[in-house]
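Here's the structure we're looking at; comments come further down.
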Amino acid sequence: MIDVTQLEIKFKLLTSFIVKEVIALDPLARRQWLYTYKGIIEYADSNGSVLTKEQIIGADIYKDLIKQIEDLIKEEDYEGQNYNVYKSRDPNYETIFKKRVKQIQEDFPIPDHFKERIS
């Protein structure tokens, strides 16, 4: 028999992990992720009659994920603030990270009034 409580806990943890991963993407990748999955939801909403129950449930899960992600984005002071907030501990990663942060700040500059807080 399936333990529903355990499944609920696993699902909540999985959802939380996905939201954290997406919110920490660079802004361009995050936008692409949202665009892609919003498209899937639009497709599901307009073609629900030909989809399986599992596909409809999947679209509902993405709706919930997108809402959580967009709510967190609204809380950001500036776009890209949460980029890589859960930084890797890989020592080889630091050089790549610094280079990528520089690229992101060129494309998504930190507003002047927030630079003082970061320094």
field: Residue pair Leu51 / Ala44: nearest heavy atoms and the distance that separates them
entry: CD1-CA, 3.4 Å

statement: For Ile69 and Ile23, the nearest pair of non-hydrogen atoms, with its separation, is O-CD1, 3.8 Å

Flag the pair [X] / [Y] as yes when at least one side-chain heavy-atom distance between them is below 4.5 Å, and no otherwise.
X: Tyr35; Y: Gln32; answer: yes
X: Lys38; Y: Glu70; answer: yes
X: Asp64; Y: Thr15; answer: no
X: Arg100; Y: Gln103; answer: yes
X: Asp71; Y: Lys74; answer: yes
X: Asn84; Y: Leu25; answer: no

If I take atom [atom1] from residue [X] and atom [atom2] from residue [Y], how far apart are they, to the nearest 0.5 angstrom?
X: Ile18; Y: Lys20; atom1: CD1; atom2: NZ; value: 12.5 Å
X: Leu7; Y: Phe11; atom1: CG; atom2: CZ; value: 10.5 Å
X: Leu65; Y: Ile41; atom1: CG; atom2: CD1; value: 8.5 Å

query: Taking NZ, NE, NH1 and NH2 as the nitrogens, is one of them in Asp3 or Lys10 under 4.0 Å from a carboxylate oxygen of the other?
result: no

- prompt: Between Asp60 and Lys63, does at least one N-O distance fall below 4.0 Å, as a salt bridge requires?
  reply: yes

message: Please enumerate all residues that pass ring pair (Phe, Tyr, Trp, His ring centres under 6.0 Å) together with Tyr62, with sequence neighbours excluded.
response: Tyr37

field: Residue pair Lys98, Lys102: steps toward the side-chain contact (heavy atoms from CB on, under 4.5 Å) verdict
entry: CA-CA 6 Å; Lys98 286 179 182 177; Lys102 185 178 177 187; over 6 Å; no

field: Residue from Ile104, Asn82, Asp107 passing side-chain contact (heavy atoms from CB on, under 4.5 Å) with Pro27
entry: Ile104

field: Remaining members of hydrophobic cluster (4.5 Å side-chain criterion), Leu28
entry: none

Counting distance only, does the side-chain N/O of [X] pair as donor-acceptor with the main-chain N or O of [Y] below 3.5 Å?
X: Gln55; Y: Thr52; answer: yes
X: Ser16; Y: Lys12; answer: no
X: Asn47; Y: Val50; answer: no

Can [Y] be reached from [X] by stepping across I, L, V, M, F, W or Y side chains whose heavy atoms are under 4.5 Å apart?
X: Ile9; Y: Phe17; result: yes
X: Leu14; Y: Ile57; result: yes
X: Ile66; Y: Leu72; result: yes

- request: Could you tell me which residues satisfy salt bridge (Lys or Arg N to Asp or Glu O under 4.0 Å) with Glu76, sequence neighbours excluded, listed by chain and number?
  value: Arg30

